[in-house]
Peer 1: 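Before anything else, here's the structure in question.
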Amino acid sequence: MPGDETNESLNMNSIHNARIVQLPKIPDDRGNLTVIEAGRPVPFLIERTYWIYDVPGGEVRGGHAYHKNQEFFVALSGSFDVILDDGKERKIVSLNRSYFGLYVPNMIWRHLENFSTNSVGLVVASLPYSASDYIRDYELYLDALRRQMHVND
Ligand code: TYD
């Protein structure tokens, strides 16, 4: 369950398990503040944070899945689209508010596109960076899904 605080890889490789999460917003005349903590409401213990910025117009990021890593995306500034694909279905999630995040389980193929000028995308991740956790070939991703289904039969 995404509600459980776990960094275990989960067998949740359906785009229906990706979800928008509303983040706490502390309004203030001096400017608003939003906070994320491990497990609240990010549904995993945060091991890593990175951000994507200075994206040239028309560029695409991502284009891969992770065996184990779970991620949580926030458009800190501006907007971008996250395209999710689980081998069966595809959906586009537009992020354009700094108080909404998108939770994406492991084993979901994703790419990011349609970045607005000066947008900043925050990504918090459940695992440290590991090149071997990436699946960068879509056909290999489909093979990995089939293997996983076979193991779970
Ligand atoms: P990548 O994850 O492929 O970028 P994106 O999915 O946004 O297109 O990473 C791009 C490069 O940055 C790649 O050489 C790996 C490196 N990188 C790290 O060293 N540490 C990290 O935490 C991340 C996310 C990437």
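Whatever order the structure lists ligands and atoms in, that order sets their numbers, starting from 1. Just so it is clear, the values below take in all heavy atoms, side chains as well, and ignore hydrogens, waters and symmetry mates.
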Peer 1: I need the W51 CH2 to D54 CG distance, nearest 0.5 Å.
Peer 2: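 Interatomic distance, W51 CH2 to D54 CG, rounded to 0.5 Å: 13.0 Å.
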
Peer 1: Is atom 15 (C) of ligand 1 less than 4.0 angstrom from at least one protein heavy atom?
Peer 2: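 Yes.
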
Peer 1: Identify the closest protein heavy atom to atom 24 (C) of ligand 1: which residue and atom is it, and at what distance?
Peer 2: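 Result for atom 24 (C) of ligand 1: R48 NH1, 3.3 Å.
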
Peer 1: Scan side-chain atoms only and decide if Y50 and E71 contain a donor-acceptor pair under the 3.5 Å cut-off.
Peer 2: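 Side chains of Y50 and E71: pair found under 3.5 Å.
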
Peer 1: Please list, in number order, the atoms of ligand 1 under 4.0 Å from a heavy atom of H64.
Peer 2: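 With H64 as reference, the close atoms of ligand 1 come out as 2 (O), 6 (O).
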
Peer 1: Can you report which non-hydrogen protein atom sits closest to atom 10 (C) of ligand 1, along with the distance?
Peer 2: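 Looking only at protein heavy atoms, the one closest to atom 10 (C) of ligand 1 is R61 NH2, 3.9 Å.
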
Peer 1: Under 4.0 Å from atom 3 (O) of ligand 1, is there at least one protein heavy atom?
Peer 2: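 True for atom 3 (O) of ligand 1.
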
Peer 1: Would you call the rings of F44 and Y103 parallel, tilted or perpendicular if under 30° counts as parallel and over 60° as perpendicular?
Peer 2: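 Aromatic pair F44/Y103 classed tilted.
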
Peer 1: Quick one: does G62 get an N or O within less than 3.5 Å of an N or O on ligand 1?
Peer 2: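 Checking ligand 1 against G62, an N or O pair does fall under 3.5 Å apart.
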
Peer 1: For ligand 1, does R136 get within less than 4.0 Å through its side chain, its backbone, both, or neither, judged by non-hydrogen atoms?
Peer 2: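 Just the side chain.
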
Peer 1: Pick whichever of Y66, Y134, Y129 has a heavy atom sitting closest to atom 9 (O) of ligand 1.
Peer 2: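 Looking at heavy atoms only, Y134 sits closest to atom 9 (O) of ligand 1.
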
Peer 1: Just wondering, more than 12 heavy atoms not from N118 lying within 6.0 Å of its CG?
Peer 2: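 No, the 6.0 Å shell around CG holds no more than 12 heavy atoms from other groups.
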
Peer 1: For atom 12 (O) of ligand 1, is the nearest protein heavy atom under 4.0 Å away?
Peer 2: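 So atom 12 (O) of ligand 1 lacks protein heavy-atom neighbours under 4.0 Å.
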
Peer 1: What is the ring orientation for W109 with Y138, classed by angle as parallel under 30°, tilted 30 to 60°, or perpendicular over 60°?
Peer 2: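 If you compare the ring of W109 with that of Y138, the planes turn out perpendicular.
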
Peer 1: Is the shortest side-chain heavy-atom distance between N13 and L145 below 4.5 Å?
Peer 2: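 Yes, close enough: below the 4.5 Å cut-off.
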
Peer 1: Between D86 and K88 (salt bridge meaning N to carboxylate O under 4.0 Å), is one present in this structure?
Peer 2: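 Result for this pair is no, no salt bridge flagged.
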
Peer 1: Check whether any heavy atom of H111 sits under 4.0 Å from an atom of ligand 1.
Peer 2: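 False for this residue.
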
